[in-house]
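Some notes on the structure that comes next.
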Amino acid sequence: MFHQRSFGSLGTHFVRTQLRAIHIGFRRMANIATTYSDPVRIAVIGGTGVQSLPGFTHVATLDIETPWGSPSAPVSVLHHPSSSTGKPLPIAFLSRHGQHHEYAPHEVPSRANIAALRSIGVRTIIAFSAVGSLQEAIKPRDFVIPNQVIDRTKGIRPFTFFEGGMVAHVGFADPFDEGIAKIVRKCGHSLEGEGVRLHDTGTIICMEGPQFSTRAESSMYRSWGGSVINMSALPEAKLAREAEIAYQMICMSTDYDCWHDSGDVTVEMVMGHMKANAENARRFVGAVLDELSKDEHADLVLAKHLEGSMKFAGGITGVIGRKPEAKKNIGWLLPGYFE
Ligand SMILES: CSC[C@H]1O[C@H](OP(=O)(O)O)[C@H](O)[C@@H]1O
Ligand SMILES: Nc1ncnc2[nH]cnc12
C-alpha cells in the first residue's frame with residue numbers, strides 16, 4: 001500500500017512534468033508570445049465547463065508568479081476584434097479551476113488569480129459560473145446577473161490580501177459592479193430570442209462544497225431568498241474589491257440543486273447543460289466585450305470609481321504597526337499606496 005502510494009505520487013509528478021513540457025513545447029511551436037507589453041484592462045474568468053474561450057485570437061500566454069503563489073493556470077491574452085473601434089481589444093482569460101479542472105472550489109488560488117490579473121493592468125473582470133437554481137422560474141440554461149451574495153463558505157479559503165500587519169476594511173454592501181452589470185444585462189437582452197434567457201438580478205448562495213447541499217440546506221437557502229447557488233463567487237468577488245477591480249459574475253443555471261422534483265444535481269447534469277449552452281455563453285461574452293470596448297465606457301472599464309479606495313480602507317494600520325512582509329505584498333498588489 002505504502003509503495004503503491006509513493007509510486008503513485010511520483011508517477012503523477014512525472015506525468016505532470018511531462019504534460020507541462022509538452023504544453024510549453026506546443027506554445028513554442030505555435031509561436032505564442034510569453035510576454036505582452038500593453039496593459040490588459042478586461043479579464044474573463046472561466047468557470048466549470050469554460051476552460052478556454054474559442055473564437056478569439058490567442059496572442060500570448062503569461063506565467064505570472066505573485067506573492068500569493070501561481071494562479072490556477074497561465075493567463076492567456078486574446079485579441080477580440082472590436083466591432084466598434086476597429087482595433088483589437090486585448091483581453092485576459094483565466095480558467096478558475098485550472099486548465100483541466102484540477103482545483104476544487106476550496107483549492108482555487110483566488111488571491112494569486114486576482115493579483116496576477118491586476119498586475120497586468122486588469123481593472124474589470126467578467127466571471128462565469130455554473131450555478132444551481134433555487135427558484136422555479138430560473139430554468140436550466142438560463143443566465144442570471146447576480147447583484148447580491150450570501151456567504152456560506154466556511155472560512156477555510158484565504159479571503160483577504162490584508163493580513164499579517166496590514167489591515168483593511170473595504171465596503172462590500174454591493175458585492176458586484178452595478179455599472180458593468182448594466183452593460184452585461186443590456187447585452188444579454190439583445191441576445192434574447194436567440195436562445196438566451198436572462199434574469200436581471202439574483203442572490204447567489206456561495207457554499208463551501210465540494211459536496212453539493214443537503215435537501216434541508218437547499219430548502220433553507222430558498223427560504224432566505226436565494227436565487228442560485230455556487231461554490232465560487234467568494235472569495236473571488238471580495239478579493240477583486242480589495243484589488244480595486246470592477247467585478248461582475250455571469251451565472252448560467254445548470255440544475256435545480258436538490259429541492260426540486262426533477263432530480264438531484266449531478267456533475268453530468270451540470271456539464272451537459274454547460275456543453276449544450278456553450279455557444280450562447282460565447283456569444284454573450286463576445287457581445288459584452290464589444291460593448292465594453294466602446295470609448296464611452298473607458299472610465300468604467302478602468303474602474304475609476306474604485307481607484308484609490310484602498311488607500312483609505314487599508315490606511316487603518318498605523319505606519320509603525322505595518323509589518324514589512326505584509327507591506328511588501330500589498331506594495332506588489334497596489335504599488336505606491338502605502339509607502
Ligand atoms: C461541477 S458543479 C460545482 C462547481 O460548478 C461551479 O463552478 P464555477 O462556479 O467555477 O463555474 C460551482 O461553483 C462549483 O465549483
Ligand atoms: N447545485 C449546485 N450547487 C453548488 N454549485 C453548483 N454549481 C452548479 N450547480 C450547483
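Note that the coordinates shown come from a computational prediction; the quantities given were computed from them, not determined experimentally. In each ligand, atom 1 is the first atom listed, and ligand 1 is the first ligand listed.
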Open item on the list: Would you say H100 and Q51 are linked by a side-chain donor-acceptor pair, where the criterion is simply a distance under 3.5 Å?
Closed with: no
Task: Any donor-acceptor N or O pair under 3.5 Å, side chains H273, R141 - done: yes
Open item on the list: Please confirm whether the ring centroid of H80 lies under 6.0 Å from the ring centroid of F56.
Closed with: yes
Open item on the list: Regarding N113 and S72, do their side chains bring together a donor and an acceptor under 3.5 Å, going by distance alone?
Closed with: yes
Open item on the list: Between ligand 1 and A130, is the shortest N or O to N or O distance under 3.5 Å?
Closed with: yes
Open item on the list: Is it true that S232 and N230 share a donor-acceptor pair across their side chains at a distance under 3.5 Å?
Closed with: no
Open item on the list: For ligand 2 and G132, I'd like to know whether there is a polar contact (N/O to N/O, distance under 3.5 Å).
Closed with: yes
Open item on the list: Which of the numbered atoms in ligand 2 are under 4.0 angstrom from any heavy atom belonging to M207?
Closed with: 4 (C)
Open item on the list: For ligand 1 and T48, I'd like to know whether there is a polar contact (N/O to N/O, distance under 3.5 Å).
Closed with: yes
Open item on the list: On the six-membered ring of W259, is R222 placed so that its NZ or CZ lies under 6.0 angstrom from the centre and within 45° of the ring axis?
Closed with: yes
Task: Proximity of S129 to ligand 1 by residue part, where a heavy atom lies under 4.0 Å - done: both
Open item on the list: Please say yes or no: joined through hydrophobic side-chain contacts below 4.5 Å, possibly via intermediate residues, are I45 and I245 part of one cluster?
Closed with: yes
Open item on the list: On a heavy-atom basis, I'd like to know which of S133, C251, A130, G209 is closest to atom 8 (C) of ligand 2.
Closed with: A130
- [ ] May I ask you to check if ligand 2 and V265 share an N or O to N or O distance below 3.5 Å?
- [x] no
Open item on the list: Any atom of ligand 1 sitting under 4.0 Å from a heavy atom of P105?
Closed with: yes
TODO: For atom 6 (C) of ligand 2, find the nearest protein heavy atom and state the residue, atom name and distance (0.1 Å precision).
DONE: I229 O, 3.6 Å
TODO: Check each heavy atom of H97 against ligand 1 and say whether those closer than 4.0 Å belong to the side chain, the backbone, both or neither.
DONE: side chain
TODO: Report the part of D255 (side chain from C-beta onward, or backbone N, CA, C, O) that has a heavy atom under 4.0 Å from ligand 2; answer both or neither where that applies.
DONE: side chain
TODO: Give the contacting part of M231 toward ligand 1: side chain, backbone, both or neither, where contact means a heavy-atom distance below 4.0 Å.
DONE: both
Open item on the list: If I take atom OG from residue S213 and atom OH from residue Y221, how far apart are they, to the nearest 0.5 angstrom?
Closed with: 5.0 Å
- [ ] Pull out every atom of ligand 2 sitting under 4.0 Å from any heavy atom of T254, numbered as shown with elements.
- [x] 8 (C), 9 (N)
Open item on the list: Taking W332 as the starting point, is it possible to reach M310 by hopping between hydrophobic residues whose side chains are less than 4.5 Å apart?
Closed with: yes
